[in-house]
Amino acid sequence: MAEEILILGGGFAGLAAGVALAEAGRRVRLLEQSQHWGGRARSFRDAVTGMALDNGQHVLLGCYHRTLRFLDTLGTLERIRFQPRMTLHFMERGGRLSVVRCRNLPAPWHLFAGVLASDAFSWREKREVLRLGRSLQRRAGTSLDGDEPPLAKMTVAEWLQCLGQSDRVRRNFWDLLCIAAMNEDPDIATADIFARVLSRALFQSSADSRIGIPAAGLSDCYAEAAASFLVAHGGVVELGKSVAGLRVQGDQATGVYLAGGKILEATKIISAVPWYGLLRWLPPSLAAHHFFGGIAKLKPAPIVSVYCWFDRPITHLDFVGLRGTTFQWLFNKNKILAESALGASDPKLFLVSLVLSGAHAHLHRTREDLAGTAVREVGEVFPEARAARLVRSLVLKEPLATFSPAPGVEALRPACRTPLHGFYLAGDWTATGLPATIEGAVESGYTAADAVLQEA
Ligand SMILES: Cc1cc2nc3c(=O)[nH]c(=O)nc-3n(C[C@H](O)[C@H](O)[C@H](O)COP(=O)(O)OP(=O)(O)OC[C@H]3O[C@@H](n4cnc5c(N)ncnc54)[C@H](O)[C@@H]3O)c2cc1C
C-alpha cells in the first residue's frame, strides 16, 4: 500500500494540498491543532444570533484560478457570489456615492472604459489612472522584478508617486485597493507584489477582475467540504492534534512529535502551518540553516473587523469602499447572506461588517472604542444610518492576520522544497509571489502536492 502523506495544518493551504493528493490517489493524514478547520479563514457560530460569522470578511477575485479549481473540486464554488463584471462603489463623508464599473470589453479596455465613464475621478485623475494602467501593460510579459528602479525595493507609495499619481487619486483609489489586497499601508507595502496583483486582477481578462463574496460562512464554503472529501478518499483528518516537533534522521524527515510526546512516522511531510507556528517546533539545527533563515524576520500585519447590527437598513449596496475614514471597506452582510440558504441572517436586524486592514495603530484600542469609531463613521458616510439604532456590535481582532509585505519580503519567503528530504512547506507566507491571500495559500498547497508526487 502507498505510504501515507502527513499534512500539518488545516487551513486553505493544508486542505488544498490534501485534496490535490487525494485526487491523485494518495493516502493523506491531516493534523490540525485547533478544534476547527479553516485556520485564518473560518466561520464560527455567533452565540447571540446563531449565525455563522467569519473571523473577518474575505473576498475572492476572478483571478484566483487555483482557488476556483479547488472549490469546484469540492462542489462549493456556487457558494461564492461573483459579480458579472467588476464594480466598485465608493462612499465618502456626507454620503457622496461614486462607482467604477468595468465594461463588457476585452482586457484592458473593460477597465479603461470603466474608469473613463466613472464619476469616482476628475478628468485629471482619470488620466493618472490610465497612465498607471499603461505602465503596467508595458511591463506585461517582462519580469516586474527586472525593472529599473527595482520595484522590490520600493514601497507602493513611492511607486505611485513615480507614476505621477496625485495624493487625491492615491487616497481615494489606489490606497484602498492596496490595503485590501496587501493588508498593509501603501507607505509600508512593497511595490513588486502590488504591481503583480494589479496585473493579475485588472489586466488579464474581465472575468479575472470580478469580485467574489462568500454567500455563506467560510467554513461552509470550503473547510468542512474539504475535510469530508479527504475522508471520502480514504484519508484521515484529525482535529485537536498539535505538532510539537519534527523527527529528523540524517538529512531525511522521518516523522513528527505530537504534543504529549507520541511519534507519528512519515517520510513525506507537508507543513502548512503559519510561519510563526513553524518556528515553534522546527529543530534548532534546521532553523539555523540559511534556507529557513528568513522566516524569523517575517513580521505580522493585523486586521480588525467590526460587525454592527442595526434596527433598519443603512445601504442597498453589497459592499463599499469608504473614502477618508479609519475603516476602509463595509460589507452588507444581510444582502449578501439573504440570497443564500446557508447564510441565514436575521431579517429583522440589518448586519454590516467593517474592515480595518493593516491595523497596526489600532490593535491596542479597546473593543468599545473601535466599535464607537465604526458606528460613528457609518453615520457620517451613510445618511440612512443616522436614524438607525445600533442593536449590537462585535469586534474581532486578528493580530497575526497576514505577514507584512514590506520591501525585501520576497527574499525572506522560503520555497516549497526544503533541504531536508521529505519535508515540504506550504502556506500563504511561502514563496508564491502573491500577498498573503486565499489564492496564495491554495497555490502553495497545490505546489507542495506536486512536489510530493514528483518525488513519489
Ligand atoms: C481577518 C482576515 C481577513 C482576510 N481577508 C482576506 C481576503 O479578503 N482575501 C484573501 O484572499 N485573503 C484574506 N485573508 C488571508 C487568508 O485568510 C489567508 O491568507 C489564508 O487563510 C491562509 O491560509 P493558510 O492555510 O496558509 O494558513 P492558516 O489559515 O493559518 O492555516 C494554518 C493552520 O495550521 C494550524 N496549525 C498551526 N500550528 C500547528 C501545529 N503545531 N500543529 C497542527 N496544526 C497547526 C492552525 O491552527 C491553522 O488552522 C484574510 C485573513 C484574515 C485573518
Side-chain angles (χ1 to χ4, degrees), residues 6-18 29-43 53-61 63-64 66-67 70 80 179-183 197 201 211-214 218-219 221-223 226-227 237-246 256-259 264 269-282 300-307 319 328-329 331 353-359 395-403 405 413 425-430 432 434-445 448:
L6 200 53
I7 301 176
L8 319 175
F12 261 110
L15 290 167
R29 178 178 293 261
L30 196 151
L31 309 181
E32 164 57 45
Q33 70 174 7
S34 70
Q35 292 301 335
H36 48 76
W37 305 111
R40 281 170 284 151
R42 65 176 187 285
S43 45
L53 296 181
D54 295 339
N55 64 318
Q57 180 67 48
H58 282 65
V59 299
L60 289 79
L61 290 167
C63 63
Y64 280 19
R66 296 289 209 140
T67 307
F70 175 55
I80 310 297
I179 205 124
M182 308 276 281
N183 189 28
V197 170
I211 291 174
I213 304 197
L218 273 170
S219 301
C221 288
Y222 78 102
V237 296
E238 297 182 87
L239 292 171
K241 283 277 160 66
S242 182
V243 171
L246 185 66
V256 295
Y257 301 97
L258 298 181
L264 265 183
I269 302 168
I270 298 175
S271 165
V273 308
W275 81 95
Y276 48 85
L278 178 63
L279 286 171
R280 288 190 198 123
W281 52 261
L282 197 65
I303 298 180
V304 170
S305 310
V306 180
Y307 285 98
F319 68 98
Q328 299 120 359
W329 292 88
F331 293 81
S353 77
L354 290 105
V355 180
L356 173 45
S357 299
V395 177
L396 303 176
K397 296 181 182 182
E398 286 275 6
L400 306 173
T402 66
F403 67 86
R413 302 171 75 182
L425 298 180
D428 61 353
W429 58 278
T430 57
T432 64
L434 297 173
T437 49
I438 292 170
E439 178 69 356
V442 173
E443 191 163 312
S444 76

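If you're wondering where the values come from, they're calculated on a predicted model, not measured in any experiment. All values below come from the heavy atoms of this structure, side chains included, with hydrogens, waters and symmetry mates left out. In listed order, ligands and their atoms are each counted from 1. Counting from 1, the numbers follow the sequence of the chain as shown.
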Non-hydrogen atoms closer than 4.0 Å to ligand 1: which protein residues do they belong to? List them by chain and number, please. Gly9, Gly10, Gly11, Phe12, Ala13, Leu31, Glu32, Gln33, Gly38, Gly39, Arg40, Ala41, Asn55, Gly56, Gln57, His58, Val59, Tyr64, Lys241, Ser242, Val243, Ala272, Val273, Pro274, Trp281, Ile303, Glu398, Ala401, Gly427, Asp428, Ala436, Thr437, Ile438, Ala441
Lys241: partners by salt bridge (charged side-chain N to carboxylate O under 4.0 Å, His left out), with sequence neighbours left out: Glu238
Is there a donor-acceptor pair closer than 3.5 Å between any side-chain N or O of Asn183 and the backbone N or O of Ser357? no
Report the residues that fulfil side-chain contact (heavy atoms from CB on, under 4.5 Å) with Ala436, sequence neighbours left out, ordered by chain and then residue number. Thr402, Phe403, Asp428
Going by side-chain contact (heavy atoms from CB on, under 4.5 Å), name the residues that satisfy it together with Glu443, two or more places apart in sequence or in a different chain. Arg66, Arg200, Leu434, Glu439, Thr447
Are the side chain of Tyr222 and the backbone N or O of Gly38 linked by a donor-acceptor pair below 3.5 Å? yes
Is the side chain of Ser444 donor-acceptor paired with the backbone N or O of Gly427 at a distance under 3.5 Å, no angle test? yes
